[in-house]
Amino acid sequence: MSSSTPNLEAVLQTLLAAFGPQHWWPAESREEMIIGALLTQNTAWKNVEKGLARLRRQGGFDFEHLRQLPRKKLEEAIRPCGYFRQKSQRLQKLAAAILNAGGLDELARRPTAKLRQWLLGLYGIGPETADSILLYTFGRPVFVIDAYTLRIARRHDWLGEKDGYDTAQQLFTRGLPSDTRLFNEYHALLVRIGKDFCRPRQPDCQTCPLAGYLPDQIFKATTDKDATKNETG
DNA sequence: CCCCAGGCGTCCA
DNA sequence: TGGACGCATGGG
């Protein structure tokens with residue numbers, strides 16, 4: 001509820017000093033990036049890579065190929081990604097929708113807000129997947145919010161516990177210059193923090209590069225002896 | 001054995 | 001309208 005405004009520029013400099021640029025380009029083609037954005041829903045990227053490799057062997061990422069590929073073949077290819085029945089259906093609907101809209105080049109002519117609304121209207125595309133596609137495939141300056149970002153922001157009291165996707169996105173969008181490369185880098189760096197330090201169960205605030213941005217009382221809570229159940233401090 | 005991973009749609013009070 | 005719940009494989 002009581003959230004404090006962070007200096008997000010300073011946070012970025014700290015992250016860059018700690019980790020360096022992540023150079024996070026998730027795939028080699030626009031098609032592969034879009035498919036990856038969908039496959040990674042609630043799924044480790046490691047498993048997504050397996051699925052993408054198998055899909056490449058099944059004939060590649062061309063949307064026309066994807067649309068006409070028998071459902072069972074697609075399911076088999078993306079099985080390692082989990083939720084493969086849902087995701088195969090979502091992928092084929094997405095491929096069909098993109099083809100029907102005239103392809104990626106045609107879609108790229110739309111302004112960001114319109115494109116986002118169009119993506120959100122597709123089955124199985126929520127805010128994170130839509131924004132990932134906007135950022136990585138279409139190069140739009142859209143800040144992607146994910147589970148890591150929400151967890152980090154809530155624990156640092158930049159957001160309240162009940163704040164969700166839109167509030168988090170406003171926080172980062174208002175606190176930073178609107179720049180595609182910057183948003184890409186920032187997102188990657190936050191993922192790094194979320195994986196290595198700001199873990200769900202036992203956050204490692206002592207050695208976390210962002211420790212200096214943690215409110216005192218929360219830092220104390222996370223360094224407590226009996227710190228097995230520190231969700232937020 | 002457990003928990004977790006770069007969500008989303010559905011259902012029900 | 002919002003809080004559970006199902007979806008599913010792979011790794012620590």
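Below, chains carry the letters A, B, ... as their sequence lines are ordered, and counting in each starts from 1. Since the structure is predicted, the reported quantities are computational estimates derived from the model, not experimental observations. We use all heavy atoms of the structure for the numbers below, so side chains are in, but hydrogens, waters and symmetry mates are not.
For the pair A:Gly124 and A:Asn47, both in contact range of DNA chain B, the more 5′-proximal nearest nucleotide belongs to A:Asn47. Between A:Tyr123 and A:Ser132, the residue anchored closer to the 5' end of DNA chain B is A:Ser132, taking for each the nucleotide with the nearest heavy atom.
Of the candidate nucleotides C:dG11, B:dC4, C:dT9, B:dC4 has the atom lying nearest to any side-chain atom of A:Pro200. Across C:dT9, B:dG7, B:dA5, the shortest atom-to-atom separation from the side chain of A:Pro80 is found for C:dT9. Closest to the A:Thr129 side chain, of the nucleotides C:dG11, B:dA5, B:dC8, is B:dC8.
Separating the CD1 atom of A:Ile152 from the P atom of B:dA5 is a distance of 11 Å, rounded to the nearest angstrom. If you take CG of A:Leu39 and C1' of C:dA8, they are 13 Å apart, rounded to a whole angstrom. In this entry the distance linking CD of A:Gln89 with C1' of B:dT10 reads 13 Å, nearest Å. In this structure, CG of A:Asp196 is placed 14 Å from C1' of B:dC4, rounded to the nearest angstrom. One interatomic measurement links the two molecules: CG of A:Leu52 to C1' of C:dT9, which rounds to 15 Å at whole-angstrom precision. When the P atom of C:dA8 is taken as reference, atom NZ of A:Lys50 falls 19 Å away, rounded to whole Å. Nucleotide B:dG7 holds its C1' atom 14 Å from the CH2 atom of A:Trp45, rounded to whole Å. One can place CG of A:Asn42 at 13 Å from C1' of C:dC5, the figure rounded to the nearest angstrom.
Atom-to-atom distance recorded for A:Leu176:CG and A:Glu9:CD is 5.5 Å, nearest 0.5 angstrom.
Ion pairing between a basic and an acidic side chain is recognised when a charged N comes within 4.0 Å of a carboxylate O; A:Glu76 and A:Lys73 show no such pairing. A salt bridge links A:Arg30 with A:Asp105: the closest approach of a Lys/Arg side-chain nitrogen to an acidic carboxylate oxygen falls below 4.0 angstrom. Salt-bridge formation is detected for the pair A:Glu64/A:Arg67: a Lys NZ or Arg NE/NH1/NH2 atom is positioned less than 4.0 Å from an Asp or Glu carboxylate oxygen. Electrostatic pairing of A:Arg116 and A:Asp131 counts as a salt bridge here, judged by a charged N lying under 4.0 Å from a carboxylate O.
Nucleic acid contact for A:Gln86: base, since at least one base atom lies under 4.0 Å from a heavy atom of the residue. Residue contacts for A:Leu38: at a heavy-atom cut-off of 4.0 Å it reaches no nucleic acid atom on any strand shown. A:Tyr83 comes within 4.0 angstrom of a base, heavy atoms only. Looking at heavy-atom distances under 4.0 Å, A:Lys46 makes no contact with the nucleic acid at all.
Contact annotation: A:Arg199 does not reach the phosphate of B:dC4 (side-chain N/O to OP1 or OP2, under 4.0 Å). Between A:Lys87 and C:dT9 there is no side-chain N or O to OP1 or OP2 distance below 4.0 Å. A close approach under 4.0 Å does occur between a side-chain nitrogen or oxygen of A:Arg151 and OP1 or OP2 of B:dA5. Between A:Arg85 and C:dC7 there is no side-chain polar atom (N or O) within less than 4.0 angstrom of OP1 or OP2.
In this structure, A:Arg90 satisfies the cation-pi test against A:Tyr123, with its NZ or CZ atom closer than 6.0 Å to the six-membered ring centre and inside 45 degrees of the ring normal.
To the nearest whole angstrom, the two C1' atoms, one in C:dC7 and one in B:dC1, are 22 Å apart.
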